[in-house]
Enquirer: 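Sharing a structure, written as structure tokens. Questions coming.
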Amino acid sequence: MERYVDSEGAGLLSAKVVATLPWVEKYRPKSLDEIINQEEVVASLKNILKTKAVPHMLFAGPPGVGKTATAHAFARDLFGPNYIEDGHFLEINASDERGIQTIREKVKMFARQIPMGGLGFKILLLDESDQLTDDAQHAFRRVMEQYSTTCRFILAANYSNRIIEPIQSRCAFFRFKPLTKNHIIQHLKWIAGEEGLSIDDAALEVIYDFSEGDMRRAINILQASAAMSKKIDEKLVYQVMGYVSRGEVRQILEKAIAGDFKGARDDVRRLLYVQGLTGSDIISAIYRELFYLNLPEEEKLELLDLLGEVDYRISEGATEEVQLMAFLARLAAKARRGKK
Amino acid sequence: MTQLWVEKYRPKRVAEVVGNKQSVQQFISWMRSWETGRPQKKAALLYGPAGVGKTSLVLAYGNEHGYDVVEVNASDWRDQEHMKSIVGSSSQQLTLQGTAKRIILVDEVDGIAGREDAGGLSALRRIIDETRVPIVMVANNPWDQRLATIRDRSLLIEFKRLSKTDIISRLREICRREGLECDEQVLRALAERAEGDLRSAINDLQAIAQGKKKVTVKDLEALGSRNRVKQIFEALRIIFNAKSLRSARAALEGLEVDLDTVYTWILDNAPLQIQRLDELADAMEVLARADLYLARMSREQKWRLMRYAVPLMTGGVALSRKTKPKGFVKFSFPDKIRFMQKTREERELLQSIARKVAAQLHLSSHKAMKYMVPFLRVIASSSTRNAEALAEYLSLSPKEVEYLAGKPLEAVAKASRGRRGGRSPSRG
Ligand SMILES: Nc1ncnc2c1ncn2[C@@H]1O[C@H](COP(=O)(O)OP(=O)(O)OP(=O)(O)O)[C@@H](O)[C@H]1O
Ligand SMILES: Nc1ncnc2c1ncn2[C@@H]1O[C@H](COP(=O)(O)OP(=O)(O)OP(=O)(O)O)[C@@H](O)[C@H]1O
Ligand SMILES: [Mg+2]
């Protein structure tokens, strides 16, 4: 195994730390060859590697499917293993610095410096760039042109529609897709082998179901399960996922059904704002519970339809809390009617 | 402006003091006890909210029964020296007839300052013990620790906020005397705004009526808001009771509060104001629809979408509320805001953890919180070894690891020894 150096390159990590460092990091692909199941993207990028004519690129796709990892792997393949230390590559996360200042200062500063050696240009990864404010995006479009001789940009985003047209038109577009069941399960099996775990097929299936094609999530579930036991079965995975959403979604539904809307609402707020779950985590958990609720099937179907609507609205940017409340209030009303 | 109506119409006789009938009666009996012999308590402490007639009652009584009222209030120096020389001496002096027709009124006793008025309260206490004339004190908050010894020596008389009926009756009387014609609806609105404070209602009335012969609902618009919270309460009242989309939407006009805040207030008051679950579900759904429009609006910079959100979140909610709760349900401060305040420390801790995770794992702290932290919790709570390794890798503080693990590390150790076998899984 390679030696692990922390991000500042400050020193070696102890063996204990390496053993438990998050596996998404431990098994992060180093090279394009290790990127799984994004065949079209990888093929195009390899082509670019050959010609070394690197365009500005937009990587779009759902969470945890390899966008950030691919950008790093590409740069590493292009510039060599010291691609960061030698100043060829910089990653800026737009979500943590969404404003125009980031563009005017950090991005510009890096982009305009003429690189030493290498290919005559550098690469800047603007990760989670759909989080940039509109103003920042408009500031960015000129930067893309002005400094394109010295710097090429890779923008990664979950929602390409949140990237303004003028930027999209300056980029080659790469679409990342959710990973297939087969690919996720193969990868999990490989990691399980590296880690000396025994895991049965049923457990792998369940992990895939929970992952919904998100490799990061799949690996996280595997690691959390392994933390409980080296022998992983279906039951353990459910147990772990129960901890992850803490079985609380179930309680929330029960409160709503009992007519305690405010109680259910307060619990949802806890999950969202204190525990930091996503709306889609909660929706997925509700989805699974829905089929088992003690309600007439017709009502469940209506609720399912509404849940789908809530899911869709959240993907359109609506407020998770509010949309979930609308669902819970409807559930409470239906349960009440059922009792009468 | 000519004379302030609050002064012009300060009650001259006790009968003019509206509301708080029992407290008024208590005060009269206490004064009678002075007049007929020795009172049980030599001081009375009238307390309650502003503008309900506490001071007025004392002045009216004095005026009606020929007392000389010696008043000291917060505008006077009230340290030991001043207290003795003004209050102390007048509490002892007798008139030529041998009886003193005098009331000493110490207004705003809760405002006697600790430092600037040093010794004032203890001087007052001694004066009460020795006084030969009634001492009446007035306070908004009588429960201040520093007033304890004074409370013991006083008859406590509580005043409550005035009812709307009482406020309206007094306003109507003032209109009559001013020769002013005033819509009943205006009086009601003024009484509503006043929240039991007649002084502010009279001030409002004067502000909109001065120099006019007739006051109508339109004149109400001239009134600014007394403060934001009051203003938003008023808007909520209109919104939840609106009969048309137009009037509900109008409630937001001129409101100096941003739309998000108004939204939160409506969102959290809905479950209180709408008690039937089916109606509540309808209301939450229109609120969710409004939210969607607002999201699209800011996402796509389509500002005109606002015009759909506002009627939904106001009139839509009103129309969903077909059954009104029995009795009046107060509008309240949003639970959400309180919740966020209460959980602040915990959320900050979580933020700090998320930032550390983000620094290591190539994602934003936002994503770290949502996608990594739930799993790191499970890992950290599984064994001390895992918890410590994570702490080292992420440079977590002891408090942060314990938070992630959900329990002190000793407890993690115990639990991981006792595990194996496992609890029953949650259903899938
Ligand atoms: N296609 C893939 N091939 C191999 N590993 C992957 C792939 N996708 C994700 N992973 C694993 O998941 C981790 C997270 O992936 P990555 O950070 O690239 O996701 P992302 O697509 O950038 O997600 P986000 O949109 O949330 O930023 C990687 O470190 C890697 O371990
Ligand atoms: N109960 C009442 N009846 C008639 N007029 C009243 C009454 N309460 C208040 N007012 C009117 O409001 C003015 C202020 O009232 P007053 O000074 O008695 O209030 P207060 O209760 O002593 O308030 P604070 O605690 O602010 O001193 C009076 O001049 C009078 O015009
Ligand atoms: Mg990423």
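Computed over heavy atoms, backbone and side chain alike; hydrogens, waters and symmetry mates excluded. Everything numeric here is computed off the predicted structure, so don't read it as measured data. Chain naming here is simple, since letters A, B, ... match the order of the sequence lines and numbering starts at 1 in each.
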Enquirer: What part of A/T68 is in contact with chain B, defined as an atom under 4.5 angstrom from a non-hydrogen atom: side chain, backbone, both or neither?
Expert: side chain
Enquirer: For A/D130, which atoms come within 4.5 Å of any heavy atom of chain B: side chain, backbone, both, or neither?
Expert: neither
Enquirer: I'd like to know which of A/N93, A/N220, A/L331 tops the heavy-atom pair count under 4.5 Å against chain B.
Expert: A/N220
Enquirer: Side-chain contact, heavy-atom cut-off 4.5 Å: A/P22 with B/Y393?
Expert: yes
Enquirer: Can you tell whether the side chains of B/E285 and A/R313 come within less than 4.0 Å, N to carboxylate O?
Expert: yes
Enquirer: With a 4.5 angstrom heavy-atom cut-off, could you sort out which part of A/L306 is near chain B: side chain, backbone, both or neither?
Expert: side chain
Enquirer: At a heavy-atom separation under 4.5 Å, does A/Y273 approach chain B through its side chain, its backbone, both, or neither?
Expert: both
Enquirer: Among A/D134, A/L328, A/D209, who wins on heavy-atom pairs under 4.5 Å with chain B?
Expert: A/D134
Enquirer: Between B/T343, B/L272, B/L390, B/N386, which shows the greatest number of heavy-atom pairs under 4.5 Å with chain A?
Expert: B/N386
Enquirer: Is a donor on one side and an acceptor on the other found under 3.5 Å between the side chain of B/D291 and the backbone of A/T319?
Expert: yes
Enquirer: So what's closer than 4.5 Å to chain B heavy atoms on A/E309: side chain, backbone, both or neither?
Expert: side chain
Enquirer: Is any side-chain N of the basic residue among B/K367 and A/D127 closer than 4.0 Å to the acidic one's carboxylate O?
Expert: no
Enquirer: Can you say whether A/N161 sits under 4.5 Å from chain B via the side chain, the backbone, both, or neither, judging by heavy atoms?
Expert: side chain
Enquirer: As an exercise, state the distance from CG of B/L280 to NZ of A/K262, rounded to the nearest 0.5 Å.
Expert: 11.0 Å
Enquirer: Got a second to check how far A/T278's OG1 is from B/M369's CE, nearest 0.5 Å?
Expert: 11.5 Å
Enquirer: Hey, are the side chains of B/M372 and A/E25 touching, using non-hydrogen atoms and a 4.5 Å cut-off?
Expert: no
Enquirer: Using a cut-off of under 4.5 Å on heavy-atom pairs, state which of B/D282, B/V357, B/V286 scores highest against chain A.
Expert: B/D282
Enquirer: At a 4.5 Å cut-off on heavy atoms, which part of A/E97 comes close to chain B: side chain, backbone, both, or neither?
Expert: neither
Enquirer: Rounded to the nearest 0.5 Å, what's the gap from OH on B/Y371 to CG on A/D281? Could you check?
Expert: 8.0 Å
Enquirer: Minimum heavy-atom separation for B/L292 to A/A318, with atom names?
Expert: CD1-CB, 3.8 Å
Enquirer: Is any side-chain heavy atom of A/Q131 closer than 4.5 Å to a side-chain heavy atom of B/H366?
Expert: no
Enquirer: Looking at A/A227 and B/I379, what are the two nearest heavy atoms and their distance?
Expert: CB-CA, 4.1 Å
Enquirer: Please classify the contact between A/D214 and chain B as side chain, backbone, both or neither, with a heavy-atom cut-off of under 4.5 Å.
Expert: neither
Enquirer: Is B/L350 close to chain A through its backbone or its side chain, or both, or neither, when contacts mean heavy atoms under 4.5 Å?
Expert: side chain
Enquirer: Are B/D335 and A/R265 within salt-bridge range, i.e. N to O under 4.0 Å?
Expert: yes
Enquirer: Is the closest basic N to carboxylate O distance between A/R330 and B/D278 below 4.0 Å?
Expert: no
Enquirer: With a 4.5 angstrom heavy-atom cut-off, could you sort out which part of A/E316 is near chain B: side chain, backbone, both or neither?
Expert: both
Enquirer: Shorter than 4.5 Å, heavy atoms on both sides: which option in B/R289, B/E279, B/R355 has the most such pairs with chain A?
Expert: B/R289
Enquirer: What do you reckon, is NZ of A/K231 surrounded by more than 12 foreign heavy atoms closer than 6.0 Å?
Expert: no
Enquirer: Is it true that a side-chain atom of A/D96 and a backbone atom of B/S365 form a donor plus acceptor pair closer than 3.5 Å?
Expert: yes
Enquirer: For the residue pair B/F339 and A/V274, establish whether any side-chain heavy-atom pair is separated by less than 4.5 Å.
Expert: yes
Enquirer: Give the member of B/L287, B/L394, B/L363, B/L349 that has the highest number of heavy-atom pairs under 4.5 Å with chain A.
Expert: B/L363
Enquirer: Could you tell me which portion of B/Y263 (side chain, backbone, both or neither) has an atom closer than 4.5 angstrom to a non-hydrogen atom of chain A?
Expert: side chain
Enquirer: Compare every heavy atom of A/A326 with every heavy atom of B/A288, then report the nearest pair and how far apart it is.
Expert: CB-CB, 3.7 Å
